[in-house]
2 protein chains.
Amino acid sequence: MFSKACEYGIKASIYIATNSYDGHRVSLKEIAQKIDSPEAFTAKILQDLVRHKIIRSAKGAYGGFEIPKNEISEVKLSQIVNAIDGDSIYRGCGLGLHVCDENHPCPVHDQFKDIRTQLKDMLQNTNLEQLALDIKSGVSFLKL
Amino acid sequence: MFSKACEYGIKASIYIATNSYDGHRVSLKEIAQKIDSPEAFTAKILQDLVRHKIIRSAKGAYGGFEIPKNEISEVKLSQIVNAIDGDSIYRGCGLGLHVCDENHPCPVHDQFKDIRTQLKDMLQNTNLEQLALDIKSGVSFLKL
DNA sequence: CTTAATTCGGATAAATTTATCCTATTTGTA
DNA sequence: TACAAATAGGATAAATTTATCCGAATTAAG
Ligand code: FES
Ligand code: FES
């Protein structure tokens, strides 16, 4: 469904959010360990999210990644997916036609449209706060 | 969403179905041209579908691919997807956890489950006959 | 000022997916 | 039987995604 990069990006963002709640920055090393992802690859993805202003980074000793407390509930999953995988999952044709268009639909267009819309709505309506709270309370997990 | 191979596989199957209705076998060359796919790569995918007994092939002059008329309405999209991409899209965790499990859910498990189920139902309830008829009547398209 | 802990960024490597090429085999027709 | 039209299948190449490595820049603390 999503690329590995996107999966890591989502999990990392959630982990950062759980810590930003308590005012803690977290390092790349810690993130990678907690979400069970390759460190250097995760670094690239985090850089990308920083460039997209979805998370913040601080260089140097005691540096790390964070999300301003008041922004946690504003970050939607859709922003993360969009930053990393682009919008093809929302807008692209399920069978790879160059455009997805009512006037030139592929054979599965009607069926697909609904699912894509559902997925889009879900990603747009899910924010990091909800997800982070479940992690904090032990209801959900980021690895294994 | 799906791999390129899977997209080609679905489109090829639909094209074969439209012709099998009229009792026409179609050659690899014709298929690739009609669905706008690389010929040799498409050959591999068709071989795979033949091995999975989703389509049939006939070697030699006047050979090609076909689907027995009475089976067209029995072939579900889910079979094709499953043969080519496997079942991870149904069963795998959206965030890549090793198992998707109610007792050890990832942060998006609940939201994802519904969409995955919808996708699964859609693929299981859509058969080649429906799709092929729309192509024949010019309602939907396999390329551009 | 020095040091250690960090992110940043470029280069490169490994793995996977996508795509091509070539030969063997099969089969209908002349 | 000879030939031409196909699929089958192995080997290889190209492209993309995933992953690693290393040096540069930044920053807090001692
Ligand atoms: S044209 Fe294929 S999903 Fe819309
Ligand atoms: S555990 Fe992630 S989708 Fe079920």
Side-chain angles (χ1 to χ4, degrees), chain A residues 1-13 15-16 19-20 24-33 35-67 81 83-86 88-89 92 95-96, chain B residues 1-13 15-16 19-20 24-33 35-67 81 83-86 88-89 92 95-96:
Chain A
M1 183 83 83
F2 302 124
S3 67
K4 272 297 177 205
C6 196
E7 291 176 1
Y8 296 151
I10 293 171
K11 288 191 279 193
S13 299
Y15 184 70
I16 295 167
N19 283 273
S20 293
H24 297 144
R25 265 183 205 148
V26 282
S27 70
L28 167 64
K29 186 180 278 186
E30 180 180 345
I31 294 168
Q33 194 260 306
I35 72 173
D36 197 23
S37 68
E39 202 174 305
F41 188 41
T42 306
K44 302 297 187 195
I45 298 159
L46 292 178
Q47 279 177 42
D48 207 12
L49 293 177
V50 169
R51 279 188 222 103
H52 280 84
K53 300 192 193 302
I54 291 169
I55 63 179
R56 268 195 213 165
S57 67
K59 286 186 181 179
Y62 291 76
F65 298 89
E66 69 191 330
I67 302 174
V81 172
I84 301 174
D85 280 352
S88 69
I89 204 165
L95 294 186
Chain B
M1 185 82 85
F2 301 123
S3 67
K4 273 294 176 206
C6 196
E7 291 176 1
Y8 297 150
I10 292 171
K11 287 191 280 192
S13 298
Y15 184 71
I16 295 166
N19 283 274
S20 292
H24 296 145
R25 266 184 205 150
V26 281
S27 70
L28 166 64
K29 185 180 278 187
E30 178 180 346
I31 294 167
Q33 195 260 308
I35 70 172
D36 197 24
S37 67
E39 200 174 308
F41 188 42
T42 305
K44 301 297 185 194
I45 298 159
L46 292 178
Q47 276 177 44
D48 207 13
L49 294 177
V50 168
R51 280 187 221 105
H52 280 84
K53 300 191 192 303
I54 291 169
I55 63 178
R56 268 195 212 166
S57 67
K59 286 187 182 180
Y62 292 79
F65 298 89
E66 68 191 331
I67 302 174
V81 172
I84 301 174
D85 280 353
S88 68
I89 204 164
L95 294 186

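The chains referred to below are lettered A, B, ... by the order of the sequence lines, with proteins before strands, and numbering in each begins at 1.
Look at A:Arg51 and you'll find a side-chain N or O under 4.0 angstrom from OP1 or OP2 of C:dG9. Taking 4.0 angstrom as the limit, B:Tyr8 places a side-chain polar atom (N or O) nearer than this to OP1 or OP2 of C:dA19. Between C:dG9 and A:Gln47, a contact under 4.0 Å exists linking OP1 or OP2 to a side-chain N or O.
Between the CG atom of B:Leu28 and the C1' atom of C:dT27 there is a distance of 17 Å, given to the nearest Å. Rounded to an integer number of Å, the gap from A:Ile84 CD1 to D:dA19 C1' is 15 Å. For the pair B:Leu49 CG and D:dG9 P, the interatomic distance rounds to 14 Å; values are reported in whole Å. We find that CD of B:Gln33 is positioned 14 Å from P of D:dA6, with the value rounded to whole Å. Atom-to-atom, CD1 of A:Ile55 to P of C:dT6 comes out at 16 Å; the value is rounded to the nearest Å. Distance B:Lys29 NZ to D:dA4 P: 14 Å, rounded to the nearest Å. For A:Glu66 and C:dT6, the CD to C1' distance is 14 Å, given to the nearest whole Å. For the pair A:Lys4 NZ and C:dT16 P, the computed distance is 11 Å after rounding to whole Å.
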Check the pair B:Ile84 / B:Leu49 against side-chain contact (heavy atoms from CB on, under 4.5 Å), numbers first and verdict last. CA-CA 8 Å; B:Ile84 301 174; B:Leu49 294 177; 4.0 Å; yes

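A:Ala43 comes within 4.0 angstrom of no nucleic acid atom, judged by non-hydrogen atoms across all strands. Looking at heavy-atom distances under 4.0 Å, A:Leu46 makes no contact with the nucleic acid at all.
The listed nucleotides are D:dA28, D:dA19, C:dT7; the one nearest the side chain of A:Ala61 is D:dA28. Listed nucleotides C:dT29, C:dA19, D:dA29 differ in distance to B:Phe41; the shortest reach to its side chain belongs to C:dA19. Side chain of A:Phe65, nearest nucleotide from C:dT7, D:dA5, D:dT7: C:dT7. Nearest to the side chain of A:Lys44, among C:dG9, C:dT7, D:dT18, sits C:dG9. Set against D:dG9, C:dT18, C:dC8, the side chain of A:Val50 has C:dC8 as its closest nucleotide. Candidate nucleotides C:dC21, D:dA6, C:dT18 were compared by shortest atom distance to the side chain of B:Ala40, and C:dC21 ranks first. Here C:dT6 is the nucleotide among D:dT7, D:dG9, C:dT6 with the atom lying nearest to any side-chain atom of A:Ser27.
For a distance-only test at 3.5 Å, the side chain of B:Lys59 fails to qualify as a donor-acceptor partner of the base of C:dG28.
The minimum heavy-atom distance between B:Ser13 and B:Ile67, with the atom names listed, is O-CD1, 3.9 Å. In terms of heavy-atom proximity, B:Ala32 sits nearest to B:Glu39 at CB-CA, 3.9 Å. Residue B:Leu46 comes nearest to B:Ala12 through the heavy atom pair CD2-CB, 3.8 Å, listed as atom of the first residue, atom of the second, then distance. The two residues B:Met1 and B:Ile89 have their closest heavy-atom pair at O-CD1, 3.9 Å. In plain terms, the two heavy atoms of A:Phe65 and A:Ile55 that are nearest each other are CD2-CD1, 3.8 Å.
Two residues, B:Gly60 and A:Pro38, neighbour DNA chain D, and the one matched to the more 5' nucleotide by heavy-atom proximity is B:Gly60.
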